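The structure presented is a predicted model; accordingly, all values stated were derived computationally and were not measured. Chain letters run A, B, ... following the sequence lines, proteins first and then strands; every chain starts at 1.
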Amino acid sequence: MENYLSIFTEYDIPGAFWVNIQLTFWAAIGALVLGTILALLRISPVASFQAIGTSYVNLVRNTPLTIIILFAVLALYGQLGFTLGGDFQANFFRLSVLGLAVYHAAFVCEAIRSGVNTVPLGQAEAARAIGLSFLPAARLVILPQAFRGAIVPLGNTLIALIKNSTVAAVGSVATEASSVMKTMIEFRSDIVIPIFLTFAIGFVIIVIPVGLLTTWASKKLAVAR
Amino acid sequence: MSASILFDTPGPKARRRILIINIIGALLALGIVAWIFFGLAAKGQMQPEQWDDFIQASTWENYLLPGLLNTVKAAILGIIGSVVFGLVFGVGRLSQNKLINGFCTIIVEFFRAVPVLLMIVFFNVFFSRSLELPGDTALWAVVAALVFYNGSVVAELVRSGVHNLPKGQREAGIAIGLTRGMSLRHIEIPQALVAMLPALIGQFVVILKDSALGYIISFNELLFFARTYSSPNGNVLQALIVTAVIFILINFTLSKIAEIVSRRLSSRIKKDKNAAAVVGTTAVTFAEASTDAGSKDQ
């Protein structure tokens, strides 16, 4: 037991989780903005915009996240010399956030589109009837309802993002949970299973409230029809 | 997506305006592609010698195909394992025995919340220190993590599939003298399996994508080989693009199959669809309804 407790003084475990939360926070904002734009492109009347949105979603959704983050770090930075400022560490952190945001935007787009599907036809007709054109109709009538209908899939995307933030390990973010755990189990072979369970339960503790919260919010904010 | 009803059937003026925006949009898209292309060319990334490695047979024979084979191997083992795991724990969660039910619920909820990468890293060390497994330890670590995670998702699919069946199905089974377990085995599960087929195929995409996480424990899969090969040759960017294209082609095919299956199923079931603000997505909504349980899986 003392053996086990010593890992908390030797390694900064809460700090590791904090890095994942920060990765998630910034990537979630990026993904939400990009995903909403993509969803707008996909429901717009302009064929070329639809094609741009559709190809983005199809390409990104079918690519492993590992490749996308490796691409940001090895290709964008390593080969093309693209940096996002800050020192060495901050640059890798931001490149990983970029990779996470680009990947999850495709899922946010699909979540919002499924939310749009919950909005009844009559709403769009009513918006048109009072003379709103595409953008005002989307902004004032469709999207507010669509977001409320999309809370559950958006929440699921957020949960996936929290877990996927560990893939930043591929992007040389060595301070996040999976990298720290990797170092720990390599040095403390006597307590491999307790270390794993510590990290696993840490994620359970973060993920389950998010799931409960989105379920609660989806009921609370559901549009009564 | 061809006919959205967020906007009116355009008249001549609106058609002209849409045409103009359309041309601007197409030019914008072409512009982005050209900008990327020339940006890469300016950095010397478009030299033919950096790309022609990937049209040589030896690159494929020695690196890409063996890597792809390992990726597919991990994915197939992962699929088989997670379907078995999912059936066992999905049925366990439907059990009326509180103990079995509770145990299965905890297992399923736990493994759905733990990142796959965490499991891969753990199993890799655990297997190499504590178990004597035949063959490549890294492969087994990847497969085990894929099975636990995706198996839990499949278990949820099984459960929600059975829950979504009309109540009469079980009543009919009990009326002809089946026990609850028999009705579950012979009537409900087979129907749930058919209904969850599109979501299940969609899950295969997730399994295939997640197998690339094996890269981090040096599992010799496609991405790992592509990286090892390209690193000394200075064409990492090109290798990543080729690898991504291979993944996209396989996954896109799988997604298309899932879509076709779900369309055929929904035409068979003839569900009443409420008209929604975007039409032309009947098949998608059905697939989405059945992915409900499994959509934490990206």
Side-chain angles (χ1 to χ4, degrees), chain A residues 42-43 45-50 52 58-59 62-67 70-71 74-75 78-80 104 107 113-114 116-121 123-125 128 133-134 137-138 142 153 156-157 159-160 163-164 166-167 169-170 177-178 181-182 185-186 189 192-193 196 199-200 203-204 207-208, chain B residues 1 4-8 10 18 21-26 28-29 39-40 43 45 109-110 113-119 121-122 125-126 129-130 205 208-213 215-216 223 227 236-237 240 243-244 247-248 250-252 255 274-278 281 284-285 288 295-298:
Chain A
R42 289 198 73 172
I43 60 174
V46 181
S48 62
F49 285 176
Q50 288 172 18
I52 295 173
N58 278 332
L59 289 180
N62 287 321
T63 312
L65 177 60
T66 328
I67 293 188
L70 271 183
F71 189 87
L74 292 178
Q79 301 263 299
L80 304 173
H104 291 89
F107 296 95
R113 221 161 59 94
S114 80
V116 171
N117 276 328
T118 66
V119 181
L121 179 59
Q123 297 286 331
E125 284 173 347
R128 270 166 28 205
S133 59
F134 174 71
I142 306 297
N156 288 340
T157 306
I159 289 174
K163 294 187 288 177
N164 283 338
T166 52
V167 185
V170 182
S178 75
M181 187 190 88
K182 195 178 184 187
I185 54 180
E186 269 158 19
S189 56
V192 170
I193 293 176
F196 168 68
F199 279 94
F203 273 99
V204 172
V207 162
I208 286 187
Chain B
M1 289 301 294
S4 172
I5 33 179
L6 274 177
F7 37 84
D8 267 315
I18 288 177
I21 302 176
N22 209 346
I23 291 169
I24 295 173
L28 200 71
L40 289 178
K43 296 271 183 188
Q45 296 291 341
E109 290 300 331
F110 177 79
V114 179
V116 180
L117 181 60
L118 221 57
M119 290 195 246
V121 169
F122 163 72
V125 172
F126 181 70
R129 295 209 177 128
S130 318
V205 173
L208 202 72
K209 277 195 301 183
D210 279 355
S211 71
L213 287 171
Y215 167 85
I216 225 168
L223 181 57
R227 170 99 172 82
V236 179
L237 176 93
L240 285 176
T243 318
F247 269 105
I248 291 169
I250 301 175
N251 288 335
F252 190 72
S255 312
N274 296 328
V278 176
T281 48
V284 178
T285 40
E288 270 161 12
S295 48
K296 283 184 188 173
D297 54 13
Q298 298 122 16

With respect to chain B, which residue among A/F71, A/F49, A/F196 yields the maximal number of heavy-atom pairs within a distance under 4.5 Å? A/F196
Pick from A/P64, A/S178, A/A169: which one has the most heavy-atom pairs with chain B under 4.5 Å? A/P64
Looking at B/I248, B/L40, B/V116, which makes the most heavy-atom pairs under 4.5 Å with chain A? B/I248
Is chain A contacted by the side chain of B/L223, its backbone, both, or neither, given a heavy-atom distance below 4.5 Å? side chain
Which heavy atom of A/A47 sits nearest to which heavy atom of B/N22, and what is that distance? CB-ND2, 3.7 Å
For B/V125, is it the side chain, the backbone, both or neither that has a heavy atom under 4.5 Å from a heavy atom of chain A? side chain
Which heavy atom in A/K163 sits nearest to a heavy atom in B/P115, and how many Å separate them? O-CB, 3.6 Å
Chain B interface, residue from A/I208, A/L65, A/I52, A/L74 that has the most non-hydrogen pairs under 4.5 Å: A/L74
Nearest atoms (heavy-atom pairs only) where B/N251 meets A/N62: ND2-O, 2.8 Å
Could you grab the distance from atom CE of A/M181 to atom CG of B/L117, nearest 0.5 Å is fine? 7.5 Å
Could you pull out the closest heavy-atom pair between B/L237 and A/A75, with the gap in Å? CD1-CB, 3.2 Å
Can you tell which part of B/F110 gets under 4.5 Å to a heavy atom of chain A, answering side chain, backbone, both or neither? both
Note: A/V192 and B/R129 closest approach over all heavy atoms is CG2-NH1, 3.9 Å
Rounding to 0.5 Å, atoms OG1 (A/T66) and NZ (B/K209) come to a distance of 10.0 Å
B/V205 versus chain A, heavy atoms under 4.5 Å apart: side chain, backbone, both or neither? side chain
Show your working on side-chain contact (heavy atoms from CB on, under 4.5 Å) between B/F252 and A/L59 and close with a plain yes or no. CA-CA 8 Å; B/F252 190 72; A/L59 289 180; over 6 Å; no
Rounded to the nearest 0.5 Å, what's the gap from CG on B/L240 to OG1 on A/T63? Could you check? 11.0 Å
Any idea which of B/F247, B/Y215, B/F122 has the most non-hydrogen atom pairs under 4.5 angstrom with chain A? B/F122
Okay, B/S255 and chain A: the region with an atom under 4.5 Å from a heavy atom over there is side chain
Nearest heavy-atom neighbours spanning B/I216 and A/K182: O-NZ, 3.1 Å
